Amino acid sequence: MSSPKILLIRRAQIILPNGELIIGDVLTRDRQIVEVAPEISQTALATEVDAEGLTLLPGVIDPQVHFREPGLEHKEDLFTASCACAKGGVTSFLEMPNTRPLTTTQQALDDKLDRASQKCLVNYGFFIGATAENLPDLLLAKPTPGIKIFMGLMHGQLLVDGETALSAIFAKGVSEAPAKQARLIAVHAEDQARINQRRQEFANIHDPAVHSQIQDNQAALTATQLALKLSRKYQRRLHILHMSTAEEADLLRQEKPSWVTAEVTPQHLLLNTSAYQQIGTLAQMNPPLRSPHDNEVLWQALRDGVIDFIATDHAPHTLEEKAQEYPNSPSGMPGVETSLALMLTAAMQGKCTVAQVVNWMSKAVAVAYGIPNKGAIAPGYDADLVLVDLNTYRPVRREELLTKCRWSPFEGWNLTGWATTTIVGGEIVYDKGQVNTQVRGQALTFL
Ligand code: DOR
């Protein structure tokens with residue numbers, strides 16, 4: 001029998017589940033945290049990690065990423081993406097179905113799980129994508145965090161944009177379960193009809209800034225209103241992906257059913273339409289960047305609990321693809337390597353607390369998706385942890401990035417809270433610039 005893997009993290013500033021900060025030790029055995037205390041005596045066989053001056057957080061769970069495998073591996077693959085996760089302090093991710101083939105069947109889901117088990121350094125889960133025809137797959141596929149619906153902006157089969165087609169999905173839960181507990185529906189909410197019409201109005205404009213006018217706030221609001229209407233009608237568990245506008249935040253603030261959750265990306269909090277002037281099409285994503293006013297309203301909604309958590313929508317495209325003239329340039333930007341440092345830097349600037357960042361990037365995600373034993377530093381929880389350095393600032397540098405696309409919209413930003421050590425299932429997967437490519441994550445389970 002092989003000996004147990006034991007880690008003893010010493011003298012860390014530990015964020016406890018109640019948000020309190022203590023200086024102490026954490027002992028992990030195999031994949032679990034077994035003890036958290038001001039001082040733990042030396043244990044035979046333990047690998048010690050000296051965390052003096054560093055802060056220990058539960059590993060980040062990123063609930064919306066596009067990792068491109070299978071089919072689009074020239075942009076990213078599960079190995080490169082999970083290396084980038086390890087460097088960014090992301091210990092689990094939920095990945096979207098717009099790969100090739102689309103993840104719309106159990107077979108495609110099994111294929112992704114199999115690939116991930118072979119090459120993923122962190123824990124993984126995969127959404128099943130809705131088409132107008134695959135209702136049986138949507139109800140039965142497992143394990144999956146939920147059903148992803150592109151209400152706009154996905155070409156081909158993944159687009160489900162009419163109220164009738166959407167109703168068919170919202171109306172059907174997993175057999176017998178009350179709808180509120182039935183399989184979660186996560187929506188990319190942008191109204192395709194409005195976007196089609198505005199594309200014609202703004203045709204022949206090649207300034208990427210027009211992207212935010214074509215796919216405007218109203219396009220997002222209309223789709224979010226429809227998703228909320230259907231969720232209420234069928235009392236169906238709903239999650240609103242990457243909410244981007246003040247109007248949607250205000251709508252949710254007025255009346256948010258208890259079974260609805262929403263997320264926001266760091267880029268919708270920290271970047272706005274002024275980014276087009278600085279980085280051109282690298283700032284192009286769906287839903288688009290908005291105004292400074294939207295940034296502020298989204299921040300307030302997050303602090304007030306109207307928005308529940310953070311996701312990156314990591315959506316890598318090559319620099320060559322991004323260099324095409326708008327509108328031929330693809331939408332999307334990478335994010336898993338920078339999200340935690342961006343949010344912790346915001347915390348250091350007084351925009352929020354470190355405990356709130358932990359909640360938004362770990363605990364609240366685990367609760368919303370029913371991922372057991374993750375999101376807290378306490379005995380019995382999984383040993384998915386990240387040590388961060390809140391004392392030094394370092395810029396985002398292109399040459400240090402591990403994502404295959406090798407760029408970031410935040411290049412040059414001077415950030416603190418970078419991960420120094422990332423631990424997945426009790427094993428050190430990243431330490432001071434080095435990735436341990438032998439570590440493998442596990443498939444996530446969902447209650
Ligand atoms: O900008 C985006 N790009 N938003 C999405 O929702 C999809 C993504 C992609 O896959 O490139």
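Keep in mind the model is a prediction, meaning the values are calculated, not measured. In each ligand, atom 1 is the first atom listed, and ligand 1 is the first ligand listed.
For ligand 1, the atoms lying closer than 4.0 Å to a non-hydrogen atom of Asn98 are 9 (C), 10 (O). Residue contact check: Met285 has heavy atoms under 4.0 Å from atoms 1 (O) of ligand 1. Per-residue contacts place Ala315 under 4.0 angstrom from the following atoms of ligand 1 (heavy atoms of the residue considered): 3 (N), 8 (C), 9 (C), 11 (O).
Residue contacts with ligand 1 include His317, since one of its heavy atoms falls under 4.0 Å from the ligand. Not a single heavy atom of Met96 sits under 4.0 Å from any atom of ligand 1. In this structure, His242 is part of the shell of residues with a heavy atom less than 4.0 angstrom from ligand 1.
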- Given side chain to side chain donor-acceptor pair (under 3.5 Å), test Gln284 with Ser331 step by step and report yes or no. CA-CA 5 Å; Gln284 181 191 330; Ser331 294; 3.0 Å; yes
- Item | side chain to side chain donor-acceptor pair (under 3.5 Å) assessment of Thr345 paired with Gln349 | CA-CA 6 Å; Thr345 302; Gln349 291 165 348; over 6 Å; no
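Only the side chain of Asp313 comes within 4.0 Å of ligand 1, counting heavy atoms alone; its backbone N, CA, C and O stay farther away.
Between Lys374 and Asp382, at least one side-chain nitrogen of the basic residue sits less than 4.0 Å from a carboxylate oxygen of the acidic one, meeting the salt-bridge criterion.
In this structure a side-chain-to-backbone donor-acceptor pair under 3.5 Å is missing from Asp308 to Thr261.
Looking at residues two or more places apart in sequence or on another chain, you find a side-chain contact (heavy atoms from CB on, under 4.5 Å) between Gln106 and Leu109, Asp110, Ala141.
In this comparison of Pro287, Ser331, Pro288, the heavy atom closest to atom 2 (C) of ligand 1 sits on Ser331.
The two residues Tyr124 and Cys120 come nearest to each other via the heavy atoms CD2-CB, 3.8 Å. Among all heavy-atom pairs drawn from Tyr276 and Pro288, the shortest one is OH-CB, 4.0 Å.
Note: an N/O pair closer than 3.5 Å links Gly332 and ligand 1 by distance alone. Checked against a 3.5 angstrom limit, the closest N/O atoms of Lys148 and ligand 1 fall outside it. Taking only nitrogen or oxygen atoms, main chain and side chain alike, Gln64 does not reach within less than 3.5 Å of ligand 1.
One distance of note links CG of Leu415 with CE of Met348; it measures 12.5 Å at 0.5 Å rounding.
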